[in-house]
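Below is one structure, written out as structure tokens, with a few remarks after it.
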Amino acid sequence: MFRHYDPDRDERDKAVILAHEEAKARGEARSLVRTVEGELFSYKKEEIGFVTTGTGAKIASGTGMLVGGALFWAATLALAVYTFLAQGPTPGERAGMYVVTVFLAAGGWYFMHLGLAEHRARKLRKARGLPKPSLQAPLHLP
């Protein structure tokens, strides 16, 4: 919560910022992010995964996103089957069910997309020996 002054950390941060600026000058797309240990690190886009900032409850793992996506797809399938088999709805109600089905499918695709991005990023960080980013901590630069 409180940031205590650490001159050594500020020196390490300045070195990372300098390397980050050099990489950006070469045309690399990078982001400065603190790791879970609190050190500053320059990540490529594919090494970060998805961002978990903001307030409220959040899914923080790729597996959680994939489970959320599977639930969306299950709801999409259930509503699609009901829409095609139901005998009572009027044409307007049936059109509304189609719209909701499309929104559920879009939500399922989005959750799956985020889950797979986090899975790939975690695999890439492990292969390259990179630390895990802490995307919830505020970024205080020297």
Salt bridge (charged side-chain N to carboxylate O under 4.0 Å, His left out) between Arg125 and Glu118, worked out:
CA-CA 10 Å; Arg125 286 192 307 264; Glu118 177 61 24; 3.4 Å; yes
How far apart are the C-alpha atoms of Phe103 and Tyr98, what are their side-chain angles, what is the distance that settles it, and do they pass the side chain to side chain contact (heavy atoms under 4.5 Å, CB included) test?
CA-CA 9 Å; Phe103 279 117; Tyr98 289 141; over 6 Å; no
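In this structure, CG on Leu32 lies 9.0 Å from CG on Asp13, to the nearest 0.5 angstrom. Remark: Trp73 CH2 to Trp109 CH2 distance equals 10.0 Å, nearest 0.5 Å. In this structure, OG on Ser31 lies 7.0 Å from NZ on Lys24, to the nearest 0.5 angstrom. One distance of note links CE of Met65 with CG of Leu116; it measures 11.5 Å at 0.5 Å rounding. Note that CG of Leu130 and OG of Ser42 are 10.0 Å apart. Values are rounded to the nearest 0.5 Å. Rounding to the nearest 0.5 Å places CG of Leu124 at 11.5 Å from CD1 of Ile48.
Of the possible donor and acceptor atoms, none in the side chain of Glu21 sits under 3.5 Å from a partner among the backbone N and O of Leu18. Proximity of a side-chain donor or acceptor of Glu11 to a complementary backbone N or O of Asp8 within less than 3.5 Å is not detected.
Using a 4.0 Å cut-off between charged nitrogen and carboxylate oxygen, Glu46 and Arg120 do not count as a salt-bridge pair.
Linking ILVMFWY side-chain heavy atoms closer than 4.5 Å, directly or via other members, places Val81 and Phe72 in two distinct hydrophobic clusters. Cluster annotation: Val100 is connected to Tyr110 through the hydrophobic network of ILVMFWY side chains, with a link wherever side-chain heavy atoms come within less than 4.5 Å. Under the 4.5 Å side-chain contact rule for hydrophobic residues, Val102 and Met112 do not share a cluster.
Counting non-hydrogen atoms of neighbouring residues, nucleotides and ligands closer than 6.0 angstrom, the NE2 atom of His119 reaches no more than 12 such neighbours.
Within the 4.5 Å cutoff, the side chain of Pro133 has no heavy atoms near those of the Thr35 side chain.
Checked options Lys132, Arg12, Arg34, Arg9; the residue passing with Glu39 is Arg12 (criterion: salt bridge (charged side-chain N to carboxylate O under 4.0 Å, His left out)).
Residues Gln87 and Pro89 share a closest heavy-atom pair of C-CD, 3.5 Å. Of all the heavy atoms in Met97 and Thr101, the pair that sits closest is O-OG1, 2.7 Å.
Relative ring orientation between Tyr43 and Phe41 is described as tilted, the plane-to-plane angle lying within the 30° to 60° band.
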